[in-house]
Structures are given as C-alpha cells and as structure tokens.
Amino acid sequence: MSLTVETVQTALKDVVDPNTGKDLVAGRAAKNIRVDGGDVAVDIELGYPAKSQVDGLRKAVIARLKQLPGVDNVSANVTVKIVAHAVQRGVKLLSGVKNIVAVSSGKGGVGKSTTAVNLALALAQEGATVGLLDADIYGPSQPQMLGLQGRQPESLDGKSMEPLEAYGIQSMSIGYLVDVETPMVWRGPMVTQALEQLLNDTNWRDVDYLVIDMPPGTGDTQLTLAQKVPVTGAVIVTTPQDIALMDARKGLKMFEKVGIPIIGIVENMSMHVCTNCGHVEHIFGEGGGQKMCADYGVDFLGALPLEMDIRLMADGGKPTVVGAPDSKAAEIYRAIARKVAVQIAEKAKDMSSKFPSIVVQNT
C-alpha cells in the first residue's frame, strides 16, 4: 500500500483528543498533511489552550503514523488558535477581548470568587491570554486574592485605565479604586454604570478569555450585565446542598432567558477529606451538582473539595493554581479550565467582522 495523504488522514482518525473526545479528523484539528516519500508532516490545530496536553498529543500522533507501512520520519506540529465566538444577539464584542466567561452563582458564600480566580489562572497556565474582571461592586475580593491590595491602575490618556497584572493575568476591580474599608452605598443604576465603565474603559490587551466574577444573585445588576455585556458563556458555581442548588437554578434560568449559553456547572465544597485519616465526608450533601446538570442538560465541569489550603491561599493572595500548582485541587481547576475552553471552541464563531456595514443614504 502506497503512502498517501488519504492513508495518513485515515490513520489520524485513530488518534482521539482526550479533551474533546473526538478524533483529530472529526474534530477538524488535523491540517496540512504532507507526504514526501517516506516523510510525513501534519499540523494539529487546537481551538483551546492546552499547554499541558500538547506534548502527549504530539507523541500520540507520531506513534500512530509511524505504524504506517513505508513511513520513515514523522513531523507533528501542535499549535493553538483561539478565536472569538458568537455572543447573545444585539450585543457587540468588546475591543481587545475575544471571549467573555461569566462565573456566577445564585447566592453568596459558595466559593464563586475563588473559582473565578483559579479558573482565570488555570487558563493562563494552559497558554491563554487572560483577563479577570471583578464585577462585585459591593464586595470586591479579587484584589486580595491576587495580592494586589493597595495598588491603583494607571491612566495614560486620562480617559481609560490600564489593567493591573498578577501571575500573568490582567485584572480590574472597583477594589483598586476605593479604600478597602469604604462601603459602596450605591443604588442599582450607579452599580451598573460603574461596572460598564470598568469593563469598557479598561485597555484589555488581546485577551483570549475575560473571566467575569459576577456578583451573587439574579437581580437588576446581574440582568443588566447579562443584557449589555457580550458573554460567550456562563459557568454556574454551586455547593451540593439543596438551598444553594435552588438559587443556582435561578441563576441558570436567568442566563437562558437572555440567550447566554451555559458552559457548565462547578460543584464547590463537594466533599471534605480528613487530613489525619483520609476519611471522605460529604458535609453539604452529595450529587447535587450532577443532578442539576442532568435536569438541565448541561455539562458537569468538576467537583472541588472543601480544603483549608484553598481558602488560606486565596486569602493570602496566591490562589491554589499558582500557590500549589502540583496539588490535586490545582489539577482539578486546570481540568475545569480545559473543559470550559473546549466548550467555547465548539461554539459558533463570531462572523460579525466578516460582513460589511450596510449604510443607506438618500441620493
């Protein structure tokens, strides 16, 4: 059997991307297959950041192609190309930002902000350019979690602000602009206006994913944000107990009503593992997140343990993904980040820039 592009393509159907569950041909990742005698070259293009996965995928491709008769040398180049994807109708994309991920919860106290910052840091560790917007005006926590308390953003033109950076991600928060002990005694319209300014007046620099740490609840502020901000998808954070799940369901329905896809659900504080004996105890109940996913037909992104270290590192300004990168919890956060990015990569691409603007004039 002679070695051809078709035989190489057929062989690549046996190589499955572990993150998408699709083979490289069905997932349209295999591109530019070249055959020159016994030399084979192929480009693998991923639509999501997967720095930790690239080497394994490259080795799998090379190993499979070397099994073909007549193959002498194999070259496999794995690259990542992250593009902008479609958002809710009638909302324009934000300059300098390709995709926006809203991290939300129906109620406070479920670890939403901790999940948001670790998700952002995990996406960055996987090779993406990431921004983090702290949208909780009344209780901004990201400055402390990122170790940026007391810092203020610069304005180079007197009109816009430069995001502050920590651990390789860009960030913006009302907490950078007001004293930590100053209460924000504002009504809804003022909060909404402040959030729009934080989002639109920040010079986000070629961000692949902007993670928004949404305020808890489903009130006017959340609804206005969902209607005005070009959100690619939403991640719902909950804990397993029934009361938290009731509020999480309300948050999910809110996003559905405004046309924002649900990327998936993260179950926080899922179980506690005793540091002395290793006994696993489901303090807040068991299986609630999975049941909610089954009820609404959305993906279960992962379950995080109730661990003191996660809280200590977030409070100390060095969240788990950077504070303990080799820990089990950090790996869970990275797995969740890859699932989020894969979900976004499989969405419809934004094509608004492909079409010319139509202007009707009187002649």
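In what follows, every heavy atom counts, from backbone to side chain, and hydrogens, waters and symmetry copies are set aside.
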Taking 4.0 angstrom as the limit, do [X] and [Y] come out as a salt bridge?
X	Y	value
Asp39	Arg34	no
Arg205	Glu162	yes
Glu126	Arg338	yes

So, [X] side chain and [Y] main chain: donor-acceptor pair closer than 3.5 Å or not?
X	Y	answer
Thr202	Leu199	no
Asp157	Ser160	yes
Asp299	Cys293	no

Please report the shortest heavy-atom distance between [X] and [Y], naming the atom on each side.
X	Y	value
Tyr176	Gln152	O-CG, 3.3 Å
Ala135	Leu195	O-CD2, 3.3 Å
Ile344	Val101	CD1-CG2, 3.5 Å

Under 3.5 Å, is there a donor on one side chain and an acceptor on the other for [X] and [Y]?
X	Y	value
Ser141	Gln144	no
Thr129	Asp206	no
Asp17	Tyr48	yes

Discussion item. Which residue is it: Ile100, Leu93, Asn99? I am looking for the one with a side chain to side chain contact (heavy atoms under 4.5 Å, CB included) to Val97.
Written reply: Ile100
